[in-house]
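First the proteins, then the strands, lettered A, B, ... as listed; each starts at 1. For the numbers below, each heavy atom of this structure counts, side chains included, while hydrogens, waters and symmetry mates do not.
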Amino acid sequence: MIKITLPDGSIKEFEQGITAHQIALSISEGLARNVLAAEINGQTWDSNRPITADANVKLLTWNDAGGKATFWHSSAHVLAEALESLYPGTKFGIGPAIETGFYYDVDFGEHQISSDDFKRIEDKYLEIARTKAEFTRTAVTKTDAIDYFTLKGDEYKLDLIKDLPDGSITFYQQGNFTDLCRGPHIPNTSFIKAVKLTNIAGAYWRGDETKKQLTRIYGVTFPKQSELSEYLLMIEEAKKRDHRKLGKELELFTFSEKVGMGLPLWLPKGTALRERLVSFLQKAQQKAGYEQVITPHIGHKNLYITSGHYEKYGADAFQPIKTPQEGEEFFLKPMNCPHHCEIYKFKPRSYKDLPIRLAEFGTVYRYEQSGELHGLTRVRGFTQDDAHIFCRPDQVKNEFKKVIDLVLYVFKALGFDNYTAQISLRDPAKKTKYIGSDENWQLAENAIIEAAQEKGLNTVTELGEAAFYGPKLDFMVKDALGRKWQLGTIQVDYNLPERFELEYTGSDNLKHRPVMIHRAPFGSLERFVAVLIEHCAGNFPLWLMPQQFIVLPISEKYEEYAKSVLDSLNNNDICGLIDLRDEKIGRKIRDAEIKKIPYMLVIGEKEMESGVVSVRKHSAGDVGEMTIEAFTNHLEQEIKISN
RNA sequence: GCCGACGUAGCUCAGCGGUAGAGCACUUCCUUGGUAAGGAAGAGGUCAUGGGUUCAAGUCCCAUCGUUGGCUCCA
């Protein structure tokens with residue numbers, strides 16, 4: 001008998017050789033039907049693999065990330081089988097599960113394939129899935145594995161086997177298809193009820209551009225047809241919310257070939273939105289003790305030699321601008337910190353002055369490969385809501401906490417309630433990769449961990465993800481469609497204070513080196529606005545709306561009164577417009593709805609007589625008559641609540 | 001940067017060897033209309049750019065530029 005410990009802490013005894021599936025069966029038949037795989041002492045196993053010793057067992061279903069991963073990995077094998085059956089001679093690279101779905105890299109040889117072939121492949125796929133073929137695991141020797149794939153003529157699998165130690169190699173077979181695979185897999189193919197091939201793309205074998213390019217087919221599968229339908233709806237919704245589409249429709253921003261790729265042009269409405277974001281953060285930062293600074297868009301080459309960026313990124317940056325007479329070289333600034341270091345050095349600093357918090361909405365320029373550019377999320381010129389905090393080592397933790405407060409305040413105001421924080425620490429095994437003393441790293445890492453803990457953040461910790469100059473805390477938000485985005489970041493830096501020889505005089509009258517904290521709650525305004533657009537589908541909170549209301553006179557006769565309504569409402573915080581077109585009211589309403597203007601004020605005979613406005617709320621409809629004062633109060637109230 | 005797809009009116013797209021099209025937007029006129037499209041007329045295009053094939057090229061081929069899905073990279 002062996003002892004099996006379940007996640008709730010309960011311990012059950014079973015015969016040696018029991019499987020996860022059988023354990024599930026002992027709990028309930030329904031559970032057994034849904035078990036896809038199991039975590040045995042932290043490792044994922046097939047649900048039909050015998051357990052031979054005492055173990056901690058967690059049964060994995062579709063509701064567990066591990067269950068989904070297993071499901072999708074198995075789904076990739078079925079895709080391979082379908083492809084092999086439709087296109088004999090196809091060679092296979094790798095076919096892993098990804099965040100949503102899976103892909104398989106394949107070499108079709110001479111054969112060309114396109115998304116037009118998806119239907120045919122999907123049909124074959126489901127045909128195979130319905131055969132209820134079991135996934136069976138076999139341990140093989142390296143020689144046998146090599147023989148098998150040599151015979152099959154699949155050089156990619158051979159390339160993979162080459163790097164595997166003998167004795168750890170396993171094959172999985174379902175139906176007519178056998179693949180080199182570590183596993184685990186779902187019990188049989190019939191768990192897969194719905195499939196959708198989503199995408200096709202080229203990918204180099206092992207991500208190496210000197211190697212052959214394979215065809216990568218992306219797909220996603222589900223245990224229920226209805227889940228596929230939901231997924232497809234979500235994709236549709238995501239398309240509707242695409243910030244590039246909404247940015248054009250709502251006239252927020254554009255790009256121009258003539259200006260250059262990756263260089264966004266902010267249109268008046270987009271600028272109004274962005275200005276509101278900026279002044280919102282400026283106010284919050286002013287309260288939090290930041291001082292605003294302004295620095296130029298270029299910096300002397302020497303600045304970046306000092307900062308170390310020239311050495312590390314100089315060759316991959318926009319190339320320098322040269323002065324015609326003196327031949328001096330200037331770089332477009334790729335970040336603001338070196339400039340801010342020079343501001344710190346403007347005069348001697350005392351420990352009593354610290355922390356000094358220098359903030360700048362600084363526009364920076366980074367060369368991104370042309371294939372990488374994407375709407376506002378990936379551009380070559382963007383504005384960071386940057387700030388650098390220069391503090392004493394003993395102040396790091398408290399400053400971190402203050403920054404976390406600021407970031408959370410920003411998220412809350414903008415409706416991002418679903419976020420996690422990633423603590424990125426250095427890889428303790430590779431200390432030479434990083435600069436700075438052990439003591440300082442220890443101090444900074446502890447400061448971050450404690451600060452995050454004391455703020456009650458939901459965190460994940462990643463070793464080896466720190467920057468070479470210090471640990472960091474990154475914020476990931478989930479948007480309304482459940483997609484993850486990395487937004488704000490807070491980073492500790494020992495490198496720049498060292499390189500710029502920043503100092504302060506301590507209470508001991510000796511020179512000390514300050515610690516620098518880089519932080520940006522939005523990250524880049526461009527990227528943030530893109531995420532915000534997709535998060536709220538263009539229906540921004542009222543206080544951010546470029547235009548908060550529109551006055552809609554029913555006919556020419558009420559124009560004068562309508563104009564007076566507009567004048568009495570417009571002020572610094574509230575901004576609206578008027579629709580004086582020779583159109584019927586239904587038309588004006590429709591157009592205002594499409595433009596996502598939050599409030600429509602319908603004005604006709606009635607309203608003019610009694611000095612009121614009829615208010616219609618975007619997508620909600622008529623909300624009745626109000627006096628102008630009442631409407632103003634209503635707007636101000638709504639702005640206050642969301643801010 | 002690499003591989004694939006795409007580039008036709010301001011926008012969304014049809015046309016795929018034989019005289020450039022539609023809807024919306026725009027302009028003018030009619031209409032003064034009460035909560036998601038009133039009517040009519042008009043204007044608008046070197047079919048991304050440059051070469052080539054052909055009697056004839058948005059349409060086929062090549063190159064360039066741009067957009068896009070991936071790959072790789074991201075201070």
**Study point:** Cation-pi, A/Phe468 ring and A/Lys312 (6.0 angstrom, 45 degrees)
**Key:**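 Judged by the rule, A/Lys312 and A/Phe468 form a cation-pi pair.
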Nearest-neighbour nucleotide for the [X] side chain, [options] considered:
X        : options             : answer
A/Asp622 : B/G38, B/U35, B/U32 : B/U35
A/Ile554 : B/U32, B/U35, B/G34 : B/G34
A/Arg616 : B/A36, B/G33, B/C11 : B/A36
A/His309 : B/G33, B/A75, B/U35 : B/A75
A/Gln369 : B/A36, B/C73, B/G38 : B/C73
A/Arg378 : B/A36, B/C74, B/A75 : B/C74
A/Met335 : B/A75, B/U32, B/C26 : B/A75

Exercise for review: Using Watson-Crick or G-U wobble geometry with both distances below 3.5 Å, tell me the partner of B/C60, or none.
Suggested key: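 The answer is B/G52, by the H-bond criterion.
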Exercise for review: Please give the nucleotide sitting opposite B/C6 as a Watson-Crick or G-U wobble pair, both distances under 3.5 Å, or none.
Suggested key: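 Check on B/C6: paired to B/G66, both distances under 3.5 Å.
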**Study point:** C1' atoms of B/A40 and B/G45, separation to the nearest Å
**Key:**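 Nearest-Å result for B/A40 against B/G45 at atom C1': 25 Å.
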**Study point:** nucleotides 63-70 of chain B: protein proximity per nucleotide (B base, S sugar-phosphate only, - neither; heavy atom, under 4.0 Å)
**Key:** --SSSSSB
Check your understanding: Can you tell me if A/Lys557 uses its side chain to pair, donor with acceptor, with the backbone of A/Glu605 under 3.5 Å?
Key ->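 Checking the backbone N and O of A/Glu605 against the side chain of A/Lys557, no donor-acceptor pair under 3.5 Å is found.
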Review point. Are the ring centres of A/Phe631 and A/Tyr599 closer than 6.0 Å?
Key: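 Yes, the ring of A/Phe631 comes within the 6.0 Å limit of the ring of A/Tyr599, centre to centre.
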Check your understanding: What about the rings of A/His518 and A/Tyr469, do their centers lie closer together than 6.0 Å?
Key ->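 They qualify: ring centres under 6.0 Å apart.
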Practice item. Taking only the side-chain nitrogens and oxygens of A/Lys588, find out if one of them lies under 4.0 Å from OP1 or OP2 of B/G33. Key: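 False: A/Lys588 side-chain N/O out of range (4.0 Å or more) of B/G33 OP1/OP2.
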What is the separation between atom [atom1] on [X] and atom [atom2] on [N], rounded to the nearest whole Å?
X        : N     : atom1 : atom2 : value
A/Gln486 : B/A75 : CD    : P     : 10 Å
A/Lys584 : B/G38 : NZ    : P     : 7 Å
A/Lys245 : B/G10 : NZ    : P     : 20 Å
A/Gln384 : B/C74 : CD    : P     : 17 Å
A/Glu607 : B/U35 : CD    : P     : 11 Å

Point to revise | Residue pairs passing the side-chain hydrogen bond (donor to acceptor under 3.5 Å, both in side chains) test where at least one lies in residues 378-387 of chain A, sequence neighbours excluded | key: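 Output for this query lists A/Arg274-A/Thr383, A/Asn336-A/Gln384, A/Asn336-A/Asp386, A/Thr363-A/Thr383, A/Glu368-A/Arg378, A/Glu372-A/Arg378.
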Exercise for review: Identify whether the glycosidic angle of B/G23 places it syn (within 90° of 0) or anti.
Suggested key: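 For B/G23, whose glycosidic angle is more than 90° from 0, the conformation is anti.
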Check your understanding: Which comes earlier along RNA chain B counting from the 5' end, the contact point of A/Tyr103 or that of A/Lys472, where each point is its nearest nucleotide?
Key ->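 With A/Tyr103 and A/Lys472 compared, the 5'-side residue is A/Tyr103.
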Exercise for review: Using the closest heavy atom to pick a nucleotide of RNA chain B for each, name whichever of A/Arg366 or A/Glu583 lands nearer the 5' end.
Suggested key: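 Looking at RNA chain B, the more 5' nearest nucleotide goes with A/Glu583.
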Exercise for review: Might you confirm whether atom CD1 of A/Ile294 has over 12 heavy atoms from other residues, nucleotides or ligands at distances under 6.0 Å?
Suggested key: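 Counting neighbours around CD1 of A/Ile294, 12 or fewer heavy atoms of other residues, nucleotides or ligands fall under 6.0 Å, so no.
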Review point. Between the base of B/G10 and the side chain of A/Glu251, is there any donor-acceptor pair under 3.5 Å?
Key: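 Looking at the base of B/G10, it does not pair with any donor or acceptor on the side chain of A/Glu251 (distance under 3.5 Å).
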Exercise for review: For salt bridge (charged side-chain N to carboxylate O under 4.0 Å, His left out), just list the numbers for A/Lys606 and A/Glu609, CA-CA rounded to whole Å, side-chain angles, deciding distance to a tenth of an Å, and then say yes or no.
Suggested key: CA-CA 5 Å; A/Lys606 272 192 309 193; A/Glu609 298 279 287; over 6 Å; no
Check your understanding: Can you list, by residue number, the residues of residues 590-602 of chain A that have a non-hydrogen atom closer than 4.0 angstrom to RNA chain B?
Key ->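 By residue number: A/Arg590, A/Glu593, A/Val602.
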Using 30° and 60° as the class boundaries, would you call the ring planes of [X] and [Y] parallel, tilted or perpendicular?
X        : Y        : value
A/Tyr125 : A/Phe102 : parallel
A/Tyr104 : A/Phe92  : perpendicular
A/His374 : A/His243 : tilted

